[in-house]
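Taking it in order: structure first as C-alpha cells, then the write-up.
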Amino acid sequence: MKEVEMEKLVEKEKKTTDDNNGTVVVEKKEDTNKVIITSAAATPIIKSNTEMKEGGGIKASGEVEEPAEKNNKDTTTTTTTTTTTNTMKDTTTNKKKEDKNGYYHYYYYYYYYSNNTMKDTTTNKKKEDKNGTTLEEKTNTTHSNYDLVIREKYLCNGRPASLGPLPICKIDNNDRRHNKGKYKKKRPRDKRIPNSEKMCLSTLRGEECPKGDECTYSHDVEAYLKTRPPDLPITCPLADTTTSDTTIYCPSFRNTGFCRFGVTCRVGSCHITSKGENIINNKDNTNPPTVLNSIDHDMFKLLRKKQYNFKCPRNPGSKECKTNDKANEFYNFFNVIDYPSLKEKKKVDFENKIYVAPLTTVGNLPFRRIMKEYGADITCGEMAVVQHLLEGSKSEWSLLKRHSSEDVFGIQLTTGYHDHMARFCEVLTNENISMDFVDLNLGCPLDLICKRYQAGANLMLQQSENKLRQIVTGMINTLNCPITIKMRTGWDNNRPVAHSLIRSVTEKWNINHSVCSAIMVHGRSRLQRYSKTANWDYIYNDACTVQQQPSSAIPIIGNGDIYSYQDYKAQVENRINNDDKTTTTNNALSKTAMLGRGALIKPWLPQDIKEHRTNYDISSSERFDILQKFTCHGLEHWGSDTLGVNLTRRFMLEWLSFLHRYIPVGLLPEGAEPPKLNQRPPTFIEGRNELETLMLSPHSHDWIQLTEKLLGKVPDDFQFEPKHKATSYQNRATNNNNASRS
C-alpha cells in the first residue's frame with residue numbers, strides 16, 4: 001500500500017468537478033461523523049471527520065496510522081461514486097445548503113500512489129462491498145473490464161516497482177482547473193529567462209550590436225562562459241563516426257559547418273574554443289538549405305502593418321468596389337471558376353500512397369522527418385489559421401516550413417472568410433512558397449476553430465454552403481497548385497452531410513479532378529470527435545458513390561482507425577477488390593492509406609502497410625532510437641540553445657503522450673489479433689525490461705524521465721500537461737500535478 005496525501009479545500013459555490021480533473025467529491029451525512037472519498041480511479045478511502053483533524057490515515061510505508069481515541073461510536077456510512085448536485089450557499093442565512101439527500105459537499109485535491117486493497121482505518125479490516133467481496137478480490141478481476149487482453153504475467157496490481165514512486169506535488173491555485181477560459185486553457189510553461197541573461201545575437205555572430213547601450217541583452221562573452229551550463233551528453237545515431245564525436249555533437253555545425261548559437265549552444269564543445277570563439281569550418285557554404293519556406297523579416301512587417309499589396313479587397317462590399325463593374329468582377333472571382341485562364345496545375349497522385357495526415361502540435365517537422373524515414377510518401381504541415389498568417393504571426397508561419405526530404409508536401413489552412421483565404425493564397429503565390437497542394441480543413445472539431453473563427457467543421461453546416469463555395473472558388477482562382485478538401489461525416493451522427501457536400505462540389509460548383517486532387521473523409525462526426533469507431537460503411541457506400549462522371553471524379557480518401565495492415569486491408573483493399581458490384585457503382589474510394597493517430601502511436605506503420613507486416617514486435621531499444629532521432633531533428637529545427645532544448649523536450653513529451661499507448665506484440669496472448677486503435681489496455685503493465693516498462697507508463701512523470709535520458713535533467717519546477725486529451729482513450733490512473741490523462 002502506498003502513500004496517500006490530500007489537502008482539504010472547501011469551496012462554497014463551485015460546481016462539482018469531474019474525476020478526470022483530479023477532483024473528488026466528499027460527502028458527509030448529517031447524522032454521521034464519517035466522510036467517504038470516492039473516485040472512479042481509486043478504491044474508496046474511508047476516513048472519519050475526526051481522523052482528518054487528528055492526523056489519522058495511511059503512512060508512506062503503507063501502515064495504517066490510528067487516530068486519537070474518540071468517544072463517538074462508528075455509525076453507518078453511505079458511499080457514492082459521483083454526485084450531480086453542487087455546493088450552494090444560502091444568501092439569506094449565509095449557511096451551506098443541504099441537497100435533497102441531506103448531504104454536504106466538500107472538495108479535495110489529492111494525489112495518491114496506486115493502492116488496490118484499502119483498509120477501514122477504524123476497524124483495520126479489509127472493506128467489503130454489499131455482496132461480501134473484498135476489494136482485493138475485486139482488484140484481481142478488474143483487468144477483464146478492459147478491451148485489450150494482456151498476458152497474465154505482464155499484469156500488475158499497481159504501479160510497477162521498477163518505476164519507483166510518483167512525486168507528490170502541491171496544486172497551484174493558478175492551475176488550469178481554476179482558470180477555465182472560454183477557449184484557451186492555461187498550461188504549464190517554461191520559466192521565462194530574463195534578457196540580461198541571454199546573449200545578444202549580434203555578439204554571437206561576431207558583429208557589433210547596432211543598438212549599443214540600449215540593447216537589453218548581454219554582450220559579455222567571458223562572463224557567460226563562467227556560468228555556461230555543461231554540454232548535454234546527446235548520442236546521435238545520425239552523426240558521422242569517422243569525422244565527429246558521436247557522444248556530443250551540434251546538428252547545425254555537422255550539416256553546415258557553422259552554428260548560429262555560438263557559446264549558447266548546449267552541444268557546442270565541438271565548435272567553441274576556450275576563449276568563447278565560434279569555429280566556422282565552411283565559410284563558403286554551398287550546401288542547399290534543408291528547411292524551405294522561410295520568410296524574410298520585411299514581408300512580416302508589411303503584413304503586420306497591413307501594407308501588403310493585395311489584389312483582392314478586404315471584402316467585395318468594401319469601398320474598393322465603388323463601381324458595379326468592380327463589384328461584378330470580384331463576385332465572379334469568388335463564384336465562378338475560370339478554367340481557360342487557369343495556369344496548368346501539376347496533379348498530385350495519391351493512389352497507392354501512404355499519406356500522413358496533418359496533426360496539430362505533434363505533426364511537426366521533426367516528426368514528419370521520422371515518418372519519411374519509415375516509408376511515408378506524402379506529408380502535410382500542421383493546420384494553420386489564415387487570420388493569424390495574415391497578421392504576420394511568426395509562430396503560425398513556422399507551421400508552413402518544409403524539409404527537403406519531404407518530396408510531396410502540402411499545407412493545411414482553415415478560415416471562415418473567403419476574402420481572407422483569397423488574400424493569403426495571393427501571398428503563397430507571390431512569395432513562391434514551396435508546396436505541392438493546399439488542404440482546406442473542414443474537419444477540425446475544436447470549439448476555438450468552429451465558433452471563434454467560424455471555420456473547421458462549422459463550414460459543413462447547411463447554412464455555410466455558400467460561404468464554403470466562395471472559399472473554394474477563391475483558392476482555385478488564386479493558387480498555382482491543386483487543392484484538397486478534408487471533411488468529417490457531418491456535425492453529428494444522426495445527420496451525415498459529407499455525401500451531399502461532395503455532390504455539391506462536383507456538380508453544382510463545377511470542380512473536377514484537374515483542380516482538386518482528392519477529398520478526404522474522416523469517418524466520424526464533429527460531436528463524436530475521436531470516440532467510438534470510424535464509419536467506413538458510410539464512406540464507402542455513401543460518400544464514394546455520389547459522383548456521376550467516373551472520368552473526372554475526384555478520388556475519395558477514407559480516414560479513421562487505420563492502426564495496422566489488417567485495418568487497412570479490411571477497410572480499403574478488401575472493399576475495392578470486392579467482386580460484388582451489385583450495391584455500388586462508380587465507387588471513387590482511393591487505395592491511399594491516410595494515417596493519423598495510428599502514425600503517432602506506431603511511427604513504423606507505413607512500413608507495416610507497404611511490407612504487409614502483421615505481427616512486427618519492435619523492441620524497446622529500437623523505439624528509443626526513434627526518440628534519439630527525434631532529438632537530433634528537434635535540435636536542428638528548433639535550435640541547440642536552451643530555448644531550443646526546452647522546445648524539443650516539450651514536443652517530445654507531447655508525442656510521448658501518444659507513443660506510450662503502443663502495446664508490444666510480445667505482451668499479447670499468442671495468436672491474438674492486432675489491437676484496434678481505441679482498445680484500452682489495463683492501467684498497470686510491466687514490460688519485458690525496464691525501458692519497455694518505462695515506455696508503457698501512462699504518467700507524464702515517467703515520460704519526463706525518458707526525455708532526461710536524451711536531453712538532461714529538467715528544472716525542479718518543471719511541469720507538463722499534454723495538450724491532446726482524447727476522449728476515446730483515457731487511462732484509469734489518477735496522475736500527479738505533472739501528469740494528465742491522455
Side-chain angles (χ1 to χ4, degrees), residues 167 169 172 174 176 184-201 204 216-218 224 227-236 248-253 259-269 272 291 360-367 369-370 382 393-399 401 626-659 699-724 737-740:
C169 303
D172 188 2
N174 295 324
R176 60 177 290 183
K184 291 186 177 180
K185 307 296 184 184
K186 186 175 181 180
R187 300 171 61 238
R189 301 294 182 190
D190 293 322
K191 186 178 179 181
R192 189 182 183 92
I193 304 174
N195 291 347
S196 58
E197 298 180 10
K198 298 179 183 178
M199 289 296 298
C200 177
L201 294 179
L204 294 178
T216 58
Y217 296 92
S218 174
Y224 183 83
T227 59
R228 182 179 179 271
D231 279 3
L232 300 175
I234 296 176
T235 302
C236 179
I248 298 177
Y249 90 112
C250 173
S252 299
F253 186 74
C259 178
R260 67 185 186 277
F261 298 103
V263 293
T264 63
C265 178
R266 294 298 308 276
V267 286
S269 59
I272 301 174
V291 178
T360 305
T361 303
V362 282
N364 44 66
L365 187 144
F367 169 78
R369 291 183 64 180
I370 297 290
E382 303 172 59
S393 171
K394 288 188 176 181
S395 60
E396 205 75 14
W397 273 90
S398 66
L399 304 178
K401 290 186 176 180
I626 296 176
L627 295 178
Q628 283 185 321
K629 291 180 181 179
F630 183 87
T631 302
C632 300
H633 298 331
L635 294 179
E636 183 179 348
H637 178 60
W638 290 299
S640 54
D641 60 340
T642 300
L643 178 60
V645 171
N646 292 341
L647 286 173
T648 303
R649 190 192 305 275
R650 290 281 179 187
F651 283 104
M652 184 185 295
L653 287 169
E654 295 285 359
W655 189 20
L656 284 169
S657 68
F658 289 90
L659 276 176
H699 294 277
S700 64
H701 169 72
D702 300 318
W703 309 339
I704 294 173
Q705 287 188 28
L706 275 173
T707 65
E708 288 180 336
K709 295 178 181 293
L710 298 165
L711 294 167
K713 290 289 184 181
V714 298
D716 295 335
D717 57 347
F718 181 84
Q719 296 182 3
F720 171 73
E721 185 175 347
K723 181 177 181 180
H724 296 278
N737 193 34
N738 286 347
S740 178

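We're numbering straight along the sequence, starting at 1.
The pair R228-D231 meets the salt-bridge criterion, with a side-chain N (NZ, NE, NH1 or NH2) lying under 4.0 Å from an Asp/Glu carboxylate O.
Put simply, the side chain of C250 reaches to within 4.5 Å of the side chain of S640, judged on heavy atoms. Side-chain atoms of L643 and I193, non-hydrogen and from C-beta on, never get closer than 4.5 Å to each other. In this structure, the side chains of K401 and H637 come closer than 4.5 Å at one or more pairs of heavy atoms. At a threshold of 4.5 Å between non-hydrogen side-chain atoms, the residues W703 and S657 count as touching. With a 4.5 Å cut-off on side-chain heavy atoms, R650 and F720 count as touching. Proximity of L201 to F261: side-chain heavy atoms (C-beta onward) are nowhere separated by under 4.5 Å. In this structure, L204 and R260 have side chains that are not in contact, with every pair of non-hydrogen atoms separated by 4.5 Å or more. Between L710 and M652 there is a side-chain heavy-atom pair separated by less than 4.5 Å.
Atom CD in E654 sits 11.0 Å away from atom OG1 in T360 (nearest 0.5 Å).
With sequence neighbours excluded, no residue satisfies side chain to side chain donor-acceptor pair (under 3.5 Å) with N646. With sequence neighbours left out, E197 forms a side chain to side chain donor-acceptor pair (under 3.5 Å) with no residue at all. Residues forming a salt bridge (Lys or Arg N to Asp or Glu O under 4.0 Å) with K394 (at least two apart in sequence, or on another chain): none. Residues satisfying the side chain to side chain donor-acceptor pair (under 3.5 Å) criterion with S218, sequence neighbours excluded, are absent altogether. Every side chain to side chain donor-acceptor pair (under 3.5 Å) that T707 has, sequence neighbours left out, goes to R649. For N364, the side-chain contact (heavy atoms from CB on, under 4.5 Å) criterion is met by P366, F367, E382, F630, W638, F651, not counting sequence neighbours.
For K709, the NZ atom is loosely surrounded, since the number of other residues' heavy atoms within 6.0 Å does not exceed 12.
In terms of modelled atom types and a separation under 3.5 Å, the side chain of N195 and the main chain of T216 share no donor-acceptor contact. R266 contributes no side-chain N or O that, together with a main-chain N or O of L711, makes up a donor-acceptor pair within less than 3.5 Å.
Minimum heavy-atom separation, S393 to S395: OG-OG, 3.1 Å.
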